[in-house]
Colleague: 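First the structure, which I've put down as structure tokens, then a few questions once you've had a look.
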Amino acid sequence: MELISFNELRRIKNSLPPGSTHRIAEELNIDVDTVRNYFGGSNYREGQSVGLHIESGPDGGIVKIDDPTILNCAKRILGEL
């Protein structure tokens, strides 16, 4: 499990270059809406739940992430920039 502030999670998402959501989905062989849900989306008709638990608090609250695979992929993409 990994802890991150909600605002930090959104900052990472907003810093990704265009097309990164699709790239992450393709690399991990998951639906693109699942990646979007990971970063705060809520399309569960197409995407899956991703094991995020948000607790209110400062800086947008704390997000407990059960599986950081998508987050790690996003950080790797940011590291390539």
Colleague: Any chance you could measure I77, atom CD1, to I12, atom CD1, to the nearest 0.5 Å?
Modeller: 11.5 Å

Colleague: Contact between R36 and D33 at the side-chain level, heavy atoms closer than 4.5 Å - yes or no?
Modeller: yes

Colleague: If you group Ile, Leu, Val, Met, Phe, Trp and Tyr by side-chain heavy-atom gaps below 4.5 Å, do V32 and I30 land in one group?
Modeller: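 In one cluster with V32: I30, no.
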
Colleague: Using side chain to side chain donor-acceptor pair (under 3.5 Å) as the criterion, list what pairs up with T69, not counting sequence neighbours.
Modeller: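 Only D67 meet the side chain to side chain donor-acceptor pair (under 3.5 Å) criterion with T69.
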
Colleague: If every non-hydrogen atom of S15 is compared with every non-hydrogen atom of L78, which pair is closest and at what distance?
Modeller: O-CD2, 3.4 Å

Colleague: Answer whether the closest heavy-atom distance between the side chains of K13 and L9 falls below 4.5 Å.
Modeller: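 A side-chain contact under 4.5 Å is absent here.
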
Colleague: So, for S5 and V63, which heavy atoms are closest and what is the spacing to 0.1 Å?
Modeller: C-CG2, 4.3 Å

Colleague: Count I, L, V, M, F, W, Y as connected when their side-chain heavy atoms are under 4.5 Å apart, and connections chain through other members. Are I70 and I65 then in the same cluster?
Modeller: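 Shared cluster, yes.
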
Colleague: About how many Å separate CD1 of I62 and CG of N7, when rounded to the nearest 0.5 Å?
Modeller: 10.0 Å

Colleague: Could you list the residues that satisfy side chain to side chain donor-acceptor pair (under 3.5 Å) with R11, not counting sequence neighbours?
Modeller: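 Side chain to side chain donor-acceptor pair (under 3.5 Å) check on R11 returns E8.
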
Colleague: Might you work through the side-chain contact (heavy atoms from CB on, under 4.5 Å) test for L71 and K75, ending with a clear yes or no?
Modeller: CA-CA 6 Å; L71 179 62; K75 288 179 178 180; 3.9 Å; yes

Colleague: Counting C-beta onward and ignoring hydrogens, is there a side-chain heavy-atom pair between T34 and L28 closer than 4.5 Å?
Modeller: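 No. Closest side-chain heavy atoms not under 4.5 Å.
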
Colleague: Quick one, N14 and F39 - any side-chain contact, counting heavy atoms below 4.5 Å?
Modeller: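 Side chain of N14 against side chain of F39, heavy atoms only: no contact under 4.5 Å found.
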
